[in-house]
Amino acid sequence: MRHFLILFMIAALAACSGPSPVTDDWADMPSKQEPALWQVSKDGKKAYLFGTIHALPADIMWYGPEIANHFDTADILVMEIDAKVEGTAIGVALQQLGNTNGLGPVRQRIDPDLHDELTALQKAGGWEDGIFANREDWAAALALASMATQGLRVNGKYGVEKILGGKARSANKPIIALETAAIQFGYFDRLAPEAQKAMLESVIAEAQNAKVAYRKLLANWLTGNVAELALSAKSGLMHTKDVRQSLLTDRNRDWHAKIIAIMDKGQTPFIAVGAAHLAGQDSVQQMLSESGYTITRLQ
């Protein structure tokens, strides 16, 4: 039941990466800050794939010359969602999909052994005990995960999508979203009830160790250690076939088709999606490779 919180950090959801104060000391991060970057090519067509972390500390210098060069030469930026365009639609979609009347408070739906951990999370967020009554397990899990990650002293405004979106708009570079917030939340809403409960309990159980796990995650991302990112993205709950199928594999398959359609129009996209989607055997680049595209690691 472990490691859903890590998945939240590197794969789902860009829509939920909220702000928090950035006061931690990140001086011990690797001096080499070169996250993985790939080129996709076929018949003269090109695209770039870049795995992201949705919330980062202020002083992480991930935007180096290699990334800047290929971002500048790309015609369009492609992201999971465009949070600026989605705006209030994110909250509306969460309200519509994530609530069911008659559900009891979260405390009544989880293992009693996790009550102390839940109390600590609620206290940190300033939430009353019954705040998540009628909130479905998956939606409560995302809210609690957001609170746990806020405690890491990172900020969505320093995340990759926020930075690249700003650069694209400044350069009048079009932005394409692979999904809407409603589509993203829908993948969670369709999970089996037992998987949703396991997700909720996983977030609560992991919250106390989130800081240590995030620092390890960030170091692996900065050094382009895709093998370790893949291990994080398939551990614990994500090792469950149905959960991984819904939250990663199905989305990757959908994105793979959309990326091909963009490239077939003669456009060169710079594609920035959660790092977990570009790691492992069912990654986006693996699917593109199986469709006859050449994948070249640039960084």
Side-chain angles (χ1 to χ4, degrees), residues 1-17 36 38 40 42 47-54 78-81 93 97 136-139 141-142 145 160-161 176-200 202-203 217 220-221 225-263 269 271-295 297:
M1 142 187 337
R2 298 295 185 263
H3 298 294
F4 177 75
L5 189 53
I6 295 300
L7 173 73
F8 175 85
M9 297 174 191
I10 59 177
L13 298 160
C16 291
S17 296
W38 293 266
V40 180
K42 182 181 180 181
Y48 302 104
L49 287 172
F50 183 57
T52 73
I53 294 182
H54 303 315
V78 177
M79 299 188 292
E80 295 178 39
I81 72 166
L97 293 173
E136 295 181 16
D137 285 354
W138 69 267
L142 294 183
V160 173
E161 289 84 0
I176 293 178
L178 294 169
E179 296 174 340
T180 63
I183 290 172
Q184 284 196 345
F185 292 138
Y187 284 106
F188 288 85
D189 194 46
R190 290 190 293 273
L191 288 172
E194 58 270 20
Q196 293 189 28
K197 180 181 178 181
M199 179 189 304
L200 175 60
S202 178
V203 168
L217 164 71
N220 286 329
W221 178 72
N225 192 337
V226 179
E228 284 296 319
L229 293 176
L231 286 175
S232 296
K234 70 177 183 180
S235 299
L237 180 62
M238 289 307 298
H239 191 65
T240 305
K241 181 179 179 181
D242 291 346
V243 176
R244 184 175 182 85
Q245 183 75 30
S246 179
L247 300 187
L248 277 177
T249 308
D250 286 350
R251 296 174 73 197
N252 289 355
R253 187 172 293 113
D254 179 57
W255 296 355
H256 147 266
K258 290 177 178 178
I259 291 167
I260 290 175
I262 292 170
M263 295 177 69
I271 302 151
V273 295
H277 294 283
L278 305 183
Q281 293 183 342
D282 51 0
S283 64
V284 173
Q285 61 266 52
Q286 177 64 33
M287 293 179 183
L288 287 167
S289 177
E290 291 170 358
S291 295
Y293 289 78
T294 299
I295 310 298
R297 177 85 178 256

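Remember, it's a predicted structure, so these values are computed and weren't measured experimentally. When a residue number appears, it is its place in the shown sequence, counting from 1.
Few gaps surround CD on Glu290; more than 12 heavy atoms of other groups in view lie less than 6.0 Å from it.
Inter-residue side-chain proximity for Gln281 and Thr249 is flagged as unmet; no heavy-atom pair is nearer than 4.5 Å. Under the 4.5 Å side-chain criterion, counting only non-hydrogen atoms from C-beta, Leu49 is in contact with Val40. Within the 4.5 Å cutoff, no side-chain heavy atoms of Phe188 are placed close to those of Leu97. Met199 is not listed as a side-chain neighbour of Asp137, based on a closest heavy-atom distance of 4.5 Å or more. Counting heavy atoms from C-beta outward, Ser291 and Ile260 have side chains that approach closer than 4.5 Å. Contact check for His54 versus Glu80: side-chain heavy atoms found under the 4.5 Å cut-off. Looking at heavy atoms from C-beta onward, Glu228 lies in side-chain contact with Leu231 at the 4.5 angstrom threshold.
Here the straight-line distance linking atom CG of Leu200 with atom CH2 of Trp138 works out to 12.5 Å at 0.5 Å rounding. With rounding to the nearest 0.5 Å, the separation of CG in Leu142 from CD in Gln184 is 10.0 Å. Distance check, rounded to the nearest 0.5 Å: CG of Asn225 to CG of Leu217 gives 11.0 Å. Rounding to the nearest 0.5 angstrom, the gap separating the CG atom in Leu229 from the NE2 atom in His277 is 12.5 Å. Going from atom CD1 of Ile271 over to atom CE of Met79 covers 12.5 Å, rounded to the nearest 0.5 Å.
When all heavy atoms of Lys42 and Gly292 are compared, the closest pair comes out as CD-O, 3.7 Å. In terms of heavy atoms, Ala93 sits closest to Ala181 at CB-C, 4.3 Å. Scanning all heavy atoms of the two residues, the minimum distance from Ala195 to Val243 falls at CB-CG2, 3.7 Å. The nearest pair of heavy atoms linking Ala230 to Gly280 is CB-N, 3.7 Å. Residues Ala36 and Arg297 share a closest heavy-atom pair of CB-NH2, 3.5 Å.
Within the 3.5 Å criterion, the main-chain N or O of Leu191 finds a donor-acceptor partner in the side chain of Gln196. The backbone N or O of Leu248 sits nowhere less than 3.5 Å from a side-chain atom of Asp282 that would complete a donor-acceptor pair. One N or O on the side chain of Gln285 and one on the backbone of Leu278 form a donor-acceptor pair closer than 3.5 Å.
In summary, of the residues considered (Val284, Leu288, Val226), a side chain to side chain contact (heavy atoms under 4.5 Å, CB included) with Trp38 occurs for Val226 alone.
Looking at Asp250 and Arg253, a side-chain N of the basic residue comes within less than 4.0 Å of a carboxylate O on the acidic one, giving a salt bridge.
Side-chain atoms of Glu179 and Trp255 form a donor-acceptor pair, as typed in the model, at a separation below 3.5 Å.
A cation-pi arrangement is present between Arg190 and Tyr187 under the rule of less than 6.0 angstrom and at most 45 degrees off the ring axis.
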| request: Step by step, work out the side chain to side chain contact (heavy atoms under 4.5 Å, CB included) result for Tyr293 and Ile259. | output: CA-CA 11 Å; Tyr293 289 78; Ile259 291 167; over 6 Å; no

